[in-house]
2 protein chains.
Amino acid sequence: MSQSHSRRPRGRPSVGIREAILDATYRLVLERGLTGLTTKEIAAAADASEASIYYHFADKTALIEGVILDAVLEPLRAFAAIFPAETEGRSLRHALTSYARKLTAFWERVLPLLAAVQADAELRDEFASRITELGYGPHRGVRAVADYLTEQQRLGHVRKDVDARQAALSFAGACFLSAYQRHMFGPRRKLPPLDRTLETLVRLIEPSGAEARR
Amino acid sequence: MSQSHSRRPRGRPSVGIREAILDATYRLVLERGLTGLTTKEIAAAADASEASIYYHFADKTALIEGVILDAVLEPLRAFAAIFPAETEGRSLRHALTSYARKLTAFWERVLPLLAAVQADAELRDEFASRITELGYGPHRGVRAVADYLTEQQRLGHVRKDVDARQAALSFAGACFLSAYQRHMFGPRRKLPPLDRTLETLVRLIEPSGAEARR
DNA sequence: GTCTATATTGGGATAGAC
DNA sequence: GTCTATCCCAATATAGAC
């Protein structure tokens, strides 16, 4: 967006370069990865000069770290809150399917950034401590589902002999693997469609006639 | 292995530098990530000169790509074959638990490398096409489990109304998420222990008394 | 605030002795 | 085959005009 003219036509908006730089950096990390990413590339993609990068950011590291950590932490923060709202007055199947779609989309958005984080020692350490201190992490999503399942169990919509946390891990795991596979190999459908996997899981944990009385 | 003395004592083995370089590169990618990894660092870690690197390898790219692709593809290849052997004459629970342990260990070994692959555009493309052409990929592990479950279904050890492929995805997904979490945050136990998750899954897919007759 | 032009550092790669 | 010494260039970062 906003490329395709190597020089902005006069009347350039005196503000917005900073945003363009952030945006370009983000896109480049997604598309080309972090390895070998240069300030020249970023400047070109943002249609700005390298000097402008150094006007707005202390150095390259500050730029990259800022972009990546924000791009991961913000969705994480946003996502951590949505599950309860998603379940309001919905059937077990509906709630889980809906959540799974969001969870998968979330992972697909974040995974490329996590790869970049992981490939860089400094970023990795910084990221791990930030996540830990904020209390985010995969267990967050798993626990949200587990809590929901426990509640549904109390209401008799989930078999009593199912360990909610374990079932939640299977659930989240299926979403995660599905997202990771698309992340690495694109949208080829080599794995079973996630929707049907979830349906299978739901059927497994729902009380069958014989189980309902236990 | 073979570190802890910064200079080989005299009588250095005139052969083995190539191996030392490969080994050092591998270790450095794991420890420090690919971003910013230099030939100087590699040389130092291998206790060799930079020139030796260029004697044995065409350029830095050839070295890195060689190391990483080998380090990923070889375990992949080895792993693709083991599942059937693991299941011989074992109970459903035992076979799955044993396989899960291997699957998780495999992922933990490979994930750091995959992150490096993903962070580099060239590597990523090269890797994706190699994997595709070899027919590896996450679906491989999923399918192996699915086939096994189908067989067990025929033998009456798995509920008939369970879709084997979907159950396998849940199974592999739980392993994968578990491995990924440890990969990112270390061995903190924020997720439910995998063993118990698998037990839960096994119990779910095993025929209950009421289901056995269907 | 943004640019052009330039300084500086350091990493990839090579020459040539041994 | 391995080393030391060096080259070259690309990438980060800055100076200074506008």
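In the text below, chain A, chain B and the rest are named by the order of the sequence lines, each starting its count at 1. Computed from a predicted model, the values in this text were never measured in an experiment.
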Pair listing, ring pair (Phe, Tyr, Trp, His ring centres under 6.0 Å) test, anchored in residues 103-134 of chain A, at least two apart: F79(A)-F106(A), W107(A)-F176(A)
Contacts of F57(A) meeting ring pair (Phe, Tyr, Trp, His ring centres under 6.0 Å) (sequence neighbours excluded), chain-then-number -> none
Applying ring pair (Phe, Tyr, Trp, His ring centres under 6.0 Å) to H139(A) and not counting sequence neighbours gives none
Side-chain atoms of S49(A) come closest, of dG12(C), dT4(C), dT4(D), to dT4(C)
Counting heavy atoms from C-beta on, name the nucleotide in dT2(C), dT14(C), dT4(C) closest to the side chain of A51(A). dT4(C)
Please list residues of residues 34-41 of chain B whose heavy atoms come under 4.0 Å from any atom in DNA chain C, ordered by number; otherwise none. L37(B), T38(B), T39(B), K40(B)
Residues forming a ring pair (Phe, Tyr, Trp, His ring centres under 6.0 Å) with Y148(A), sequence neighbours excluded: F83(A)
Tell me, please, which residues at least two apart from R101(A) pass side chain to side chain contact (heavy atoms under 4.5 Å, CB included). T97(A), D195(A)
State which residues pass side chain to side chain contact (heavy atoms under 4.5 Å, CB included) with E50(A); sequence neighbours excluded, sorted by chain then number. T39(A), K40(A), A43(A)
Take atom CZ of R109(A) as the centre, draw a 6.0 Å sphere, and report whether it contains more than 12 heavy atoms from other residues, nucleotides or ligands. no
Whole-Å distance separating the CD1 atom of I21(A) from the C1' atom of dC3(C): 12 Å
What residues form a side chain to side chain contact (heavy atoms under 4.5 Å, CB included) with E122(B), not counting sequence neighbours? T61(B), E65(B), D120(B)
Can you list, by residue number, the residues of residues 55-63 of chain A that have a non-hydrogen atom closer than 4.0 angstrom to DNA chain D? D59(A), K60(A)
